[in-house]
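Notes follow the structure.
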Number of protein chains: 2
Amino acid sequence: MEETGRTTHTLAALMELRKRILNGDFPGGTRLFEVPLAETLQISRTPIREAMSRLAEEGLLDRLTNGGFVVRSFTLADVLDAIELRGVLEGTAARLAAERSAPPAVLERLNHVLLQLDACFGRDANEVDFEAYSNLNGQFHTLLVTLSGSAVLQREIERATRLPFASPSAFLSGRTNIDVFRQSLHVAQEQHRALAAAIASREGTRAEFIAREHARIARRNLEYVMLENPELIISVPGLALLNS
Amino acid sequence: MEETGRTTHTLAALMELRKRILNGDFPGGTRLFEVPLAETLQISRTPIREAMSRLAEEGLLDRLTNGGFVVRSFTLADVLDAIELRGVLEGTAARLAAERSAPPAVLERLNHVLLQLDACFGRDANEVDFEAYSNLNGQFHTLLVTLSGSAVLQREIERATRLPFASPSAFLSGRTNIDVFRQSLHVAQEQHRALAAAIASREGTRAEFIAREHARIARRNLEYVMLENPELIISVPGLALLNS
DNA sequence: ATGATGGATAATGTATACATTCATCCGGAT
DNA sequence: ATCCGGATGAATGTATACATTATCCATCAT
């Protein structure tokens with residue numbers, strides 16, 4: 001066989017199918033058939049099956065009762081619930097981090113990220129290094145989960161945030177560098193600070209609810225997109241698979 | 001091929017492997033190899049792979065980076081966290097049920113189950129129809145999730161609850177009809193009543209925290225087993241795969 | 001002695017032929 | 001006209017041969 005970039009056919013199919021699904025090439029509810037996909041991707045049915053199985057694990061496909069897969073379909077309510085769910089889970093991570101003594105070394109790293117996030121803002125309120133912020137924001141959320149000290153929770157949070165629109169950086173991609181989003185970053189960063197402070201001083205309930213509210217920024221951004229700027233839908237990762 | 005009871009080899013392998021894992025035949029961390037399993041189960045590697053893929057989806061197996069699967073291993077802390085996580089998720093379901101107007105018809109069904117649960121208790125405090133209670137308890141928890149009206153949440157709760165020791169009926173199997181557990185049912189049922197009342201009167205926060213506390217009955221039962229009655233470990237579904 | 005190297009072995013990855021199942025439609029009997 | 005039943009096709013299920021890769025161990029050079 002030819003080299004396809006030093007990877008297995010399964011992984012190639014996985015990435016290609018994921019890309020197409022997130023891109024909206026297959027509307028929600030579309031059934032994916034092995035044979036045509038195998039022909040399209042020029043590989044056999046075996047790695048296609050394996051890839052679809054993993055996409056079901058990711059939550060992008062649903063298994064049919066009598067075999068086969070369909071693209072999972074998401075209503076706006078589903079996406080809002082997925083965001084709320086992330087808030088609940090991250091809130092739990094924050095609470096546990098506060099209740100159980102979070103390791104000082106990791107807390108230190110969290111504060112370091114906090115300072116770096118501060119540095120993303122310029123003197124002018126509208127001046128923000130969007131790219132750097134997005135990257136550091138991801139680090140902050142990862143550290144928060146680590147701080148909880150719960151492998152089980154970490155696993156489920158990673159799972160829930162694998163749906164791109166439920167990820168903490170859903171509205172932070174380069175493609176969505178938009179006034180409204182940029183301005184929300186000041187609020188978000190203040191929440192980051194409060195969250196770190198609450199964890200450091202063992203205020204579990206405070207930490208939990210700050211994290212929930214923090215996730216709701218994404219909810220507001222989503223509502224803005226849907227109601228006032230629908231042409232942005234295609235710019236937000238994963239929103240292409242919103243149906244109806 | 002021979003008939004093996006009107007099902008596919010994949011499903012047969014799935015059920016058999018699940019049974020063996022939950023039974024503790026493969027200690028946590030054991031790597032499962034396709035070839036020996038295929039020989040043992042008298043089928044080819046293909047359905048074995050498919051079955052293992054689904055067990056990874058269930059959270060019983062972990063994928064290795066370079067292919068292959070290992071039995072997931074759980075520490076006591078992991079099990080406690082899984083129970084806490086169920087509490088958090090069911091709490092969220094309860095809160096949403098309260099906040100969003102739960103359909104009266106479903107609320108009615110919840111109250112009906114509540115009455116049936118009451119009927120499981122005899123005049124003597126120690127007299128409980130354990131089997132019926134267990135069954136109705138499952139219905140109650142299912143209805144609670146339905147009441148939330150969130151398909152996304154329902155999906156994740158079903159997922160989290162697929163680990164048997166994190167299920168609402170983990171300590172309610174016929175094999176664990178034990179004084180300590182039986183007595184906890186009175187407290188549990190009082191929480192069921194309070195939960196239904198809180199939802200009916202739209203008290204979201206109250207509902208959320210009752211549900212969390214409700215899950216912690218399982219935590220207490222687990223601690224009892226571990227500390228005071230370790231020989232019961234094998235009687236509680238799934239606890240066999242606790243390691244260390 | 002130690003580290004690199006290479007090959008044997010054993011595992012998963014892949015293609016493909018064939019089996020089975022399920023839905024659909026057509027035709028005939030009532 | 002309607003219902004039942006079998007043919008048909010298209011889909012997944014399964015077995016298996018072969019390809020590829022990873023790992024371990026022996027061996028050699030330093």
Side-chain angles (χ1 to χ4, degrees), chain A residues 1-21 25-73, chain B residues 1-21 25-73:
Chain A
M1 277 285 124
E2 266 175 287
E3 289 197 24
T4 55
R6 191 64 98 182
T7 181
T8 64
H9 288 169
T10 297
L11 290 187
L14 176 61
M15 293 187 297
E16 183 62 25
L17 288 178
R18 187 196 287 129
K19 194 185 81 182
R20 293 191 186 190
I21 292 167
D25 293 0
F26 309 113
T30 305
R31 181 167 176 181
L32 297 185
F33 295 107
E34 296 174 6
V35 178
L37 285 177
E39 283 167 7
T40 303
L41 302 184
Q42 298 272 57
I43 57 180
S44 79
R45 283 172 52 209
T46 310
I48 296 281
R49 279 168 79 86
E50 176 70 15
M52 291 201 293
S53 188
R54 296 199 195 191
L55 287 169
E57 215 168 318
E58 286 185 26
L60 291 180
L61 298 180
D62 276 332
R63 283 179 195 277
L64 294 171
T65 37
N66 282 330
F69 297 85
V70 293
V71 178
R72 190 168 163 196
S73 91
Chain B
M1 276 285 124
E2 265 176 289
E3 289 198 25
T4 55
R6 192 63 95 184
T7 177
T8 65
H9 288 171
T10 296
L11 290 186
L14 176 62
M15 292 188 297
E16 183 63 24
L17 287 178
R18 188 197 286 128
K19 194 186 82 183
R20 292 190 188 191
I21 292 167
D25 293 1
F26 308 113
T30 304
R31 182 167 175 181
L32 297 185
F33 294 107
E34 296 174 3
V35 177
L37 285 177
E39 283 167 7
T40 302
L41 302 185
Q42 297 272 54
I43 58 180
S44 79
R45 282 171 52 208
T46 310
I48 296 282
R49 281 168 77 87
E50 175 71 16
M52 291 201 293
S53 188
R54 296 200 195 190
L55 288 169
E57 213 168 320
E58 286 185 25
L60 291 181
L61 297 181
D62 276 331
R63 283 180 196 277
L64 294 172
T65 36
N66 283 329
F69 297 86
V70 292
V71 178
R72 189 167 165 198
S73 92

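In what follows, chains carry the letters A, B, and so on, assigned in the order in which the sequence lines appear, proteins first and then strands, with residues in each chain numbered from 1.
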Heavy atoms only, 4.0 Å cut-off, all strands: where does A/R31 land among base, sugar-phosphate and nothing? sugar-phosphate
Side chains of A/R49 and B/R49: does their closest heavy-atom pair fall under 4.5 Å? no
Testing C/dG13, D/dT14, D/dA15 for proximity to the side chain of B/I43, the answer is D/dA15
Salt-bridged, B/E58 to B/R54, with N to O below 4.0 Å? no
In whole angstroms, how far is the C1' atom of C/dA23 from the CG atom of A/N66? 10 Å
Compare side-chain N and O positions of A/R45 against OP1 and OP2 of D/dT14 and report whether any pair is under 4.0 Å apart. no
Does C/dT14 have its OP1 or OP2 closer than 4.0 Å to a side-chain nitrogen or oxygen of A/T10? yes
Using whole Å, what does the distance between atom C1' of nucleotide D/dT12 and atom CE of A/M52 come to? 9 Å
Could you check whether A/L32 gets within reach of a base, just the sugar-phosphate, or nothing at all, counting any heavy atom under 4.0 Å? sugar-phosphate
To the nearest 0.5 Å, how far apart are CD1 in A/I21 and CG in A/L55? 5.0 Å
Round to the nearest Å and state the distance from A/L37 atom CG to D/dA10 atom P. 17 Å
For B/L61 and B/V71, which heavy atoms make the closest approach, and how far apart are they? CD2-CA, 3.7 Å
To the nearest Å, how far apart are A/L41 CG and C/dT14 C1'? 14 Å
Value in whole Å for how far the C1' atom of C/dT12 lies from CD1 of B/I48: 14 Å
Considering only heavy side-chain atoms of B/P47, the closest of D/dT14, D/dA11, C/dT14 is D/dT14
Between the main-chain N or O of B/G59 and the side-chain N or O of B/R72, is there a donor-acceptor pair closer than 3.5 Å? yes
Gap between atoms CZ and C1', on A/R49 and C/dG13 respectively (whole Å): 15 Å
Between CD of B/E34 and C1' of C/dA10 the distance, given in whole Å, is 12 Å
At under 4.0 Å, does any side-chain N or O of B/H9 touch on OP1 or OP2 of D/dA15? yes
Output the rounded distance in Å from CG (B/L64) to P (D/dT21). 18 Å
What's the closest nucleotide to the side chain of B/T46 if the choices are C/dT14, D/dA15, C/dA11? D/dA15
